[in-house]
> 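I have a structure here, written as structure tokens, and I will follow up with some questions on it.
Along the sequence shown, the residues carry numbers beginning at 1. Basis for what follows: all heavy atoms, side chains included, without hydrogens, waters or symmetry-related copies.
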Amino acid sequence: MPRGLILWLCLSLLSGLVSLATPPDWAADAIWYQIFPERFRNGDPKNDPVPASLEGTWPYAVPAGWQVSPWTSDWYALQPWEQASGKDFYHNAQLRRYGGDLQGILDRLDYLKDLGVNALYLNPVFDSPSLHKYGAARYHHIDRHFGPDPAGDAALFAAENPADPATWRWSAADRLFLKLIREAHRRKMRIIIDGVFNHTGTTFWALQQARREGPGSRFAHWFHITRWDDPMTPADEFDYRGWSGIQDLPEIRRDSENLHPEVRAHFHSIVRRWMDPNGDGNPEDGIDGWRVDVAAEVPLGFWREFRGWVQAINSQAYITGEIWWDDYAANTFRNARPWLDQAFDGVMNYRFGDAVFQFLNQPRCTTPAQFAEALELQHQQYGYDRCLALQNLLGSHDTSRVGSAVVNPSARQDHGASLKDDRGYDPRAPNAAEKSRWRQMIALQFLAPGAPYLYYGDEVGMWGADDPDCRKPMVWSDLRYAPEKCLPSGDQRAPDPVSVDREQWRYFRDWIRFRKAHPALRRGDYRTLTIANHPGVLAFERRWQGERIIALFNSQGTPVRINSSDLGIEDLRRWKLEPAMPSDSRTIEIPAHQYRILVPR
């Protein structure tokens with residue numbers, strides 16, 4: 001037998017042993033809603049952060065007179081303690097705490113249910129002094145200030161051995177989080193949380209123990225420690241490798257294949273704790289999956305092992321990864337196929353969001369044909385069925401909000417979209433024409449293959465530049481907000497009132513209902529349609545078990561009229577047109593920068 005054939009047979013047999021990741025069935029039906037807990041709702045002011053709770057995170061100094069920031073204040077306006085610090089807005093923004101907590105999420109679950117949301121993603125909730133919680137102090141407890149008894153939880157932490165899961169108990173914040181899971185499940189909502197397994201915070205218990213014990217510590221090998229403190233000198237020489245050079249985020253030790261084995265054992269205990277809290281083998285009391293941070297920078301071998309842990313507990317769990325830029329400077333995205341093949345059910349689909357922005361927010365940048373080509377390329381690379389389970393987002397905690405992107409269409413996603421990086425950036429609220437463009441993007445998000453994904457506040461019209469401005473406190477109808485008129489420089493601009501945009505909320509609610517009512521949008525095939533003499537119109541159809549839906553998007557600044565025969569339709573009277581408008585039996589008019597949907601009557 002030829003050696004080449006033998007090699008091919010061996011490789012085929014080996015590939016057959018690799019189990020491809022398959023998304024859970026519910027993922028295609030998901031309407032995702034991302035919550036940044038510290039900024040969603042303050043449901044219990046008694047547990048608000050205190051000055052001591054900021055110790056151990058950047059900038060490692062708490063200003064005199066520090067206080068929790070008023071939820072409804074003008075975003076760029078400096079509070080008295082901020083003014084006294086002598087530092088600018090961007091320095092002080094990292095010190096701000098607004099008091100968002102788990103009770104606030106619990107109190108607003110019915111609000112989310114009314115909107116139509118059925119899948120929640122929470123940014124990190126584990127105990128950490130940072131505002132964003134991406135630098136954990138411990139993974140086996142929920143942040144003490146997210147729960148009802150911070151002092152009691154701190155005492156409980158001190159009585160445990162964090163290296164021994166047998167000593168772990170359930171804190172008040174932990175128990176409230178388990179209640180949140182129960183209440184979400186009772187409302188038929190799934191809930192996933194952020195898993196940050198690439199790095200920890202500087203207060204992480206194992207790093208602190210290694211620091212105290214020195215090179216002989218069993219935890220010294222959990223990190224890339226490059227220098228130990230010399231007790232004979234007044235300086236602190238202790239040093240280690242931080243993720244992306246950031247010392248606030250100590251990087252977990254790894255080789256090219258996997259993380260350190262003792263760290264993996266600890267993380268396995270964390271997965272079990274939150275996916276099956278009572279350990280009875282029934283995962284109904286646990287989270288429904290994970291969003292994993294900076295996933296491309298963690299060895300794929302770990303993610304394969306991680307998937308095995310997750311699947312052993314709950315075969316219907318969902319794992320989504322942050323797979324983003326391949327070449328940031330060149331604006332190219334990673335091909336996530338290796339992760340989707342071996343470990344993840346989906347990814348945060350920034351690639352989709354960027355394509356939508358380039359098509360509808362910067363119409364001279366991408367033509368309808370180029371947008372369709374970008375979409376179809378992703379379908380080919382990932383596999384179409386997998387694309388149905390991707391999180392199709394337009395914004396997140398790491399990008400400018402869509403409400404500001406439409407005001408600043410020349411700013412590329414995640415590239416200096418703020419006044420800090422671009423003095424010409426406009427921080428105002430979107431006007432009517434810009435909101436119309438925003439809603440055209442929402443329509444495309446809900447009609448395209450993949451699960452729509454809302455970032456908290458999008459549904460009420462919130463705006464904000466890139467981090468930190470995308471992390472403003474949520475706007476609620478029962479609160480009165482100061483108008484936004486201050487600038488980071490200390491100057492002022494024309495004021496924008498801040499309140500719930502009820503029309504925007506209804507628009508999102510209606511789109512969620514529409515998508516739920518039409519299985520073709522959740523599970524159907526996708527095909528681009530070519531319309532003669534209309535290169536400025538994107539046309540595609542979704543089909544599923546006899547249902548056919550046609551979508552038309554006009555990216556031009558002038559209206560267009562399309563003959564129904566170009567769509568294979570003989571009589572338009574047999575079709576329902578959305579949004580409704582007068583038409584004859586043979587032509588469809590699409591206003592400038594608008595869309596039309598055709599659904600059989």
Side-chain angles (χ1 to χ4, degrees), residues 28 30-32 348-379 384 387-388 390-396 399 401-403 405-406 409 413 430 433-455 458-459 504 507-516 518 520-522 524-531 534-543 548-557 560 562 567 577-579 588 590-599:
I31 305 292
W32 288 100
M348 296 180 74
N349 201 2
Y350 286 106
R351 186 170 161 181
F352 169 83
D354 184 71
V356 172
F357 283 127
Q358 296 306 300
F359 172 46
L360 294 178
N361 203 36
Q362 297 176 279
R364 291 184 301 278
C365 187
T366 299
T367 66
Q370 289 169 328
F371 173 81
E373 182 180 349
L375 206 61
E376 291 167 2
L377 176 62
Q378 190 175 42
H379 297 167
Y384 182 76
C387 287
L388 296 176
L390 301 182
Q391 294 176 309
N392 281 357
L393 71 162
L394 299 177
S396 77
T399 70
R401 286 184 176 273
V402 190
V406 294
Q413 185 187 65
E434 292 155 351
K435 283 186 179 181
S436 178
R437 194 160 70 249
W438 184 358
R439 289 173 185 172
Q440 191 182 25
M441 290 190 280
I442 294 168
L444 183 51
Q445 181 187 31
F446 275 80
L447 290 164
Y453 176 115
L454 285 68
Y455 182 46
D458 284 349
E459 77 279 11
Q504 178 89 336
Y507 187 79
F508 268 103
R509 180 203 59 191
D510 291 347
W511 265 113
I512 292 171
R513 289 177 176 176
F514 186 79
R515 186 175 175 89
K516 288 182 175 181
H518 295 285
L521 298 180
R522 307 192 306 275
D525 296 333
Y526 167 93
R527 184 170 72 95
T528 302
L529 304 176
T530 301
I531 303 177
H534 289 292
V537 174
L538 171 70
F540 61 86
E541 67 176 10
R542 305 290 308 278
R543 287 179 179 263
R548 182 190 184 200
I549 295 177
I550 298 174
L552 306 167
F553 287 82
N554 180 11
S555 64
Q556 302 173 122
V560 297
I562 294 175
L567 304 172
L577 200 63
E578 297 283 355
I588 304 164
I590 313 175
H593 301 300
Q594 290 290 336
Y595 64 91
R596 290 293 177 263
I597 312 161
L598 285 82
V599 184

> Does the side chain of Arg351 come within less than 4.5 Å of Leu377's, by heavy atoms?
yes
> Please lay out, stage by stage, how Tyr350 and Ser396 fare under the test side-chain hydrogen bond (donor to acceptor under 3.5 Å, both in side chains).
CA-CA 9 Å; Tyr350 286 106; Ser396 77; 2.7 Å; yes
> What are the two closest non-hydrogen atoms of Lys435 and Pro430, and how far apart are they?
CE-O, 3.9 Å
> Taking the side chain as C-beta and beyond, is there a heavy-atom pair between Gln391 and Pro452 under 4.5 Å?
no
> Got a salt bridge between Asp525 and Arg542, using NZ or NE/NH1/NH2 to carboxylate O under 4.0 Å?
no
> Going by the rule side-chain hydrogen bond (donor to acceptor under 3.5 Å, both in side chains), which residues pair with Glu541 if we only count those two or more places apart in sequence or in a different chain?
Arg527, Arg543, Arg548
> If you take all heavy atoms of Ala30 and Ala451, which pair is closest and at what distance?
O-CB, 3.5 Å
> Is any side-chain heavy atom of Tyr384 less than 4.5 Å from a side-chain heavy atom of Pro449?
yes
> Does a sphere of radius 6.0 Å around CD in Glu373 hold more than 12 heavy atoms from other residues, nucleotides or ligands, not counting ones at 6.0 Å or beyond?
no
> With a 4.5 Å limit on heavy-atom distance, are the side chains of Ile531 and Ile562 in contact?
yes
> Quick check: does any side chain N or O of Asn392 sit under 3.5 Å from a backbone N or O of Asn349, one acting as donor and the other as acceptor?
no
> Could you walk me through whether Gln440 and Ser555 pass side-chain hydrogen bond (donor to acceptor under 3.5 Å, both in side chains), step by step?
CA-CA 9 Å; Gln440 191 182 25; Ser555 64; over 6 Å; no
> Taking atom CG of Leu360 and atom CG of Leu444, what is their separation to the nearest 0.5 Å?
5.5 Å
> Supply the atom-to-atom distance Tyr595 OH to Ile597 CD1, rounded to the nearest 0.5 angstrom.
5.5 Å
> If you compare all heavy atoms of Asn361 against all heavy atoms of Ala405, which two are closest, and at what distance to 0.1 Å?
ND2-O, 2.9 Å
> Just so I know, are the side chains of Phe359 and Leu538 near enough to count as touching, which here means a heavy-atom distance under 4.5 Å?
yes
> Could you tell me whether the side chain of Met441 reaches within less than 4.5 Å of the side chain of Phe357, counting heavy atoms only?
yes
> Examine Phe446 together with Phe514 and report whether their ring centres are nearer than 6.0 Å.
no
> Can you classify the ring geometry of Tyr526 versus Phe540 as parallel (below 30°), tilted (30 to 60°) or perpendicular (above 60°)?
tilted
> Could you tell me whether a side-chain N or O of Tyr455 sits under 3.5 Å from a main-chain N or O of Arg401, the two making a donor and an acceptor?
no
> Less than 4.5 Å apart, side chain to side chain, heavy atoms only: is that true for Leu529 and Leu552?
no
> If you apply the rule side-chain contact (heavy atoms from CB on, under 4.5 Å), what do you find for Phe553 with Arg596, and how did you get there?
CA-CA 7 Å; Phe553 287 82; Arg596 290 293 177 263; over 6 Å; no
> When you measure from the side chain of Gln445 to the backbone N and O of Tyr453, does any donor-acceptor pair fall under 3.5 Å?
yes
> Using the side-chain contact (heavy atoms from CB on, under 4.5 Å) rule, take Ile442 and Tyr507 through it: C-alpha gap first, then chi angles, then the decisive distance, then the call.
CA-CA 9 Å; Ile442 294 168; Tyr507 187 79; 3.8 Å; yes
> Look at the side chain of Gln378 and the backbone N and O of Leu375, then say whether any donor-acceptor pair between them is shorter than 3.5 Å.
no
> Working note: Leu521 + Ile549, criterion side-chain contact (heavy atoms from CB on, under 4.5 Å); need CA distance, chi angles, decisive distance, verdict.
CA-CA 8 Å; Leu521 298 180; Ile549 295 177; 3.9 Å; yes
> Within the 4.5 Å heavy-atom criterion, are His593 and Gln556 side-chain neighbours or not?
no
> So which atom in Cys365 and which in Gln358 form the shortest heavy-atom distance, rounded to 0.1 Å?
SG-OE1, 2.7 Å
> Between Gly353 and Leu394, which heavy-atom pair has the shortest distance, and what is it?
CA-CD2, 4.1 Å
> Would you say the rings of Trp511 and Phe508 are close, in the sense that their centroids are separated by under 6.0 Å?
no
> How close do Leu567 and Ile588 get, heavy atom to heavy atom, and via which atoms?
CD1-CD1, 3.8 Å
> Can you measure from CZ (Arg515) to CD1 (Ile512) and round to the nearest 0.5 angstrom?
10.5 Å
> Using modelled atom types and a 3.5 Å cut-off, is there a donor and acceptor pairing between side-chain atoms of Gln362 and backbone atoms of Pro409?
yes
> So does Pro591 get a backbone contact from the side chain of Asn554, meaning a donor-acceptor N/O pair under 3.5 Å?
yes
